[in-house]
There are 2 protein chains.
Amino acid sequence: MPTDTDVLDRTFHALSDSSRRAIVVRLSEGPASVSELAAPLEMSLSAVVQHIEVLQKSGIVRSEKVGRVRTCQLEPAPMRVVEQWIAQHRQAWEGRFDRLGEILKSTYGRTP
Amino acid sequence: MPTDTDVLDRTFHALSDSSRRAIVVRLSEGPASVSELAAPLEMSLSAVVQHIEVLQKSGIVRSEKVGRVRTCQLEPAPMRVVEQWIAQHRQAWEGRFDRLGEILKSTYGRTP
DNA sequence: GCAATACTTCAGTGATCGCTTAAGTATCTG
DNA sequence: CAGATACTTAAGCGATCACTGAAGTATTGC
């Protein structure tokens, strides 16, 4: 049973590659087969399969094989964990903008 | 000049490590020195410095040295790019389209 | 001046990453 | 059944990763 930390590690890692993000963007338009996902990417089918494996390990993507075709689709749960993590620190991202100067000033009485 | 793709690659990568996320969480409470950031982490100072470098290359963290102390703080811009990317695909993550399609199908017997 | 402090830099190491090629295994289609 | 299709699996390779430890360089306080 993966912890939130595991999910965050794997999901952020999965999204850190532009080929994998392209796969995710394609899947956001609806389910697709492995070859459909591979078509626009300039790499071997084997490489694409490996990217899909990374996405599956993160939980972002789920797939099912029918006959000889594996169909992939998005799974929302891991992204919700990521969004939640970001939301928890959003105020800090937005609120503490460019205050180093102020802190240094209050600490040293001047800006160096 | 880094493209959005570069920013996404580096920011997602930066956040894919739990030690780096711990640094980010600490910085969300306010600026901190390198040693302050290192204190709760069970690794060498050198390792922490390398994590901070990764965060700086992504643009998430900015730092300034005064005397012998380097003070780090969050920079919101890269996170906004990440939030924007997620927002663009949120509907798909949440499965609204799929469910809407199913609902319409079960109601009208077809997708309009 | 001199020791403690706060990093900084560098070389090395084992693990993981993103890919390739090659050789599989099922599953359709005619 | 034969050949095409859609993956699947495995080995290997150069690059990057997350560290460590050792040796540096500025500052600061006494």
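Just so we're clear, the structure is a prediction, and the values are computed from it rather than from any experiment. Quick note on labels: first sequence line is chain A, next is B, and so on, each numbered from 1.
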Could you list the protein-to-nucleotides 10-12 of chain C atom pairs, N/O on both sides, closer than 3.5 Å?
unit_1 : atom_1 : unit_2  : atom_2 : d
C/dC10 : N4     : B/Ser46 : OG     : 3.4

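- The nucleotide whose nearest atom lies closest to any side-chain atom of A/Arg68 is, among D/dT9, C/dC19, C/dT29, C/dT29.
- Atom OG of B/Ser44 and atom CG of B/Leu41 lie 10.5 Å apart (nearest 0.5 Å).
- Between the side chains of B/Gln56 and B/Ser63, at least one donor-acceptor pair of N or O atoms lies under 3.5 Å.
- Look at A/Lys65 and you'll find a side-chain N or O under 4.0 angstrom from OP1 or OP2 of D/dT8.
- Considering NE2 of A/His51 and OG of A/Ser46, their distance stands at 10.5 Å, rounded to 0.5 Å.
- If B/Arg20 and A/Glu53 are placed on DNA chain D by their nearest nucleotide, the residue sitting closer to the 5' end is A/Glu53.
- A/Thr71 OG1 to A/Glu36 CD: the interatomic distance, rounded to the nearest 0.5 Å, is 7.5 Å.
- Scanning both residues, A/Met43 and A/Ser19, for their nearest heavy atoms gives CE-OG, 3.3 Å.
- A/His51 has a side-chain polar atom (N or O) that falls below the 4.0 Å cut-off from OP1 or OP2 of C/dC19.
- A/Val54 and A/Val49 are assigned to two separate hydrophobic clusters, defined by single-linkage of ILVMFWY side chains at heavy-atom distances under 4.5 Å.
- Between C/dC19, C/dT9, D/dT8, one nucleotide has an atom nearer to the side chain of A/Val49 than all others, and that is D/dT8.
- Here the options are B/Thr11, B/Leu15, B/Ile60, the test is side chain to side chain contact (heavy atoms under 4.5 Å, CB included), and the partner is B/Val82; only B/Thr11 passes.
- For the pair A/Lys57 NZ and C/dC17 P, the computed distance is 8 Å after rounding to whole Å.
- Rounded to an integer number of Å, the gap from A/Asp17 CG to D/dC17 P is 12 Å.
- Closest approach of B/Ile52 to B/Leu37, counting heavy atoms only: CD1-CD1, 3.8 Å.
- The aromatic rings of A/Phe12 and B/Phe12 lie tilted to each other, with the angle between the two planes from 30° to 60°.
- Of all the residues in residues 33-44 of chain B, B/Met43, B/Ser44 reach under 4.0 Å from DNA chain D with at least one non-hydrogen atom.
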Show, in sequence, the C-alpha distance, side-chain angles and deciding distance for A/Glu29 and B/His89, and conclude whether the side-chain contact (heavy atoms from CB on, under 4.5 Å) test is met. CA-CA 9 Å; A/Glu29 288 157 22; B/His89 308 289; over 6 Å; no
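- Between the CD atom of A/Glu64 and the P atom of D/dA6 there is a distance of 18 Å, given to the nearest Å.
- Rounded to 10°, the angle separating the first-five-pair axis and the last-five-pair axis of the helix from C/dG1-D/dC30 to C/dG30-D/dC1 equals 20°.
- If A/Val48 and B/Leu45 are placed on DNA chain C by their nearest nucleotide, the residue sitting closer to the 5' end is B/Leu45.
- At D/dC17, none of the side-chain N or O atoms of A/His13 fall inside 4.0 Å of OP1 or OP2 (strictly under the cut-off).
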Where do B/Asp17 and A/Asp9 land on the side-chain contact (heavy atoms from CB on, under 4.5 Å) test, with the steps shown first? CA-CA 6 Å; B/Asp17 181 277; A/Asp9 281 7; 5.8 Å; no
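- Separating the CD1 atom of A/Ile52 from the P atom of C/dG18 is a distance of 14 Å, rounded to the nearest angstrom.
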